[in-house]
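Below is one structure, written out as structure tokens; comments come after it.
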Amino acid sequence: MTNRRWIVASLLGLACVLAAVPALAQRVPLPTLFSERARFAERTITVEGTVAFAAPLGSAAGQRFTLIDGGATVDVMAVAGFPVKVGDRVEVEGVYKPGPNLIQAFRVTVR
């Protein structure tokens with residue numbers, strides 16, 4: 001393989017690897033998320049707050065809960081096993097959906 005082909009193949013492989021990695025999440029305070037919903041629409045974000053309500057998703061595995069911080073709230077849907085309870089301080093990483101004011105979480109960490 002010539003050097004040029006090797007470089008092209010290497011760059012293509014690197015592009016594939018980078019495409020598979022989730023976007024870096026931007027840390028957003030809940031009051032900012034609430035006041036600037038359109039700015040964060042469909043973006044990967046990280047928020048922190050206190051669980052104000054928590055319930056199982058019903059027939060699906062996972063949990064739905066509400067975070068509150070600084071007078072602002074956001075609902076979180078975590079389809080993996082991230083059990084939290086009311087009063088827990090948590091950090092959530094996921095994709096923000098402004099219409100329902102919901103984060104589809106792929107990481108939830110109890111602090």
Taking all atoms of both residues into account, what is the closest heavy-atom pair of Ala25 and Thr46, and its distance?
CB-OG1, 3.2 Å
Please round to the nearest 0.5 Å and tell me the distance separating atom OG1 of Thr44 and atom CD1 of Ile103.
10.5 Å
Could you grab the distance from atom CD of Glu91 to atom CZ of Arg107, nearest 0.5 Å is fine?
4.5 Å
Separation of Arg39 CZ from Gln26 CD (nearest 0.5 Å)
5.5 Å
Given the options Asp75, Thr73, Val47, Leu67 meets side-chain contact (heavy atoms from CB on, under 4.5 Å) only with Val47
Test side chain to side chain contact (heavy atoms under 4.5 Å, CB included) applied to Val28 and Tyr96, step by step:
CA-CA 11 Å; Val28 181; Tyr96 180 62; over 6 Å; no
Distance from Asp88 atom CG to Thr109 atom OG1, nearest 0.5 Å?
11.5 Å
Hey, what do you get for CZ (Arg37) to CG (Asn101), rounding to the nearest 0.5 Å?
4.0 Å
Do Leu30 and Val110 sit in the same hydrophobic cluster, where Ile, Leu, Val, Met, Phe, Trp and Tyr count as joined when their side-chain heavy atoms come under 4.5 Å apart?
yes
Atom pair CZ/CZ of Phe53 and Arg64 - distance to nearest 0.5 Å
9.0 Å
What are the two closest heavy atoms between Arg89 and Thr50, and how far apart are they?
NH1-OG1, 3.2 Å
Quick one: does Gln63's side chain have a donor or acceptor within less than 3.5 Å of a partner on Ala54's backbone?
no
Please say yes or no: joined through hydrophobic side-chain contacts below 4.5 Å, possibly via intermediate residues, are Val74 and Phe34 part of one cluster?
no
For Val108 and Ala78, work out which heavy atoms get closest and say how close.
CG2-CB, 4.2 Å
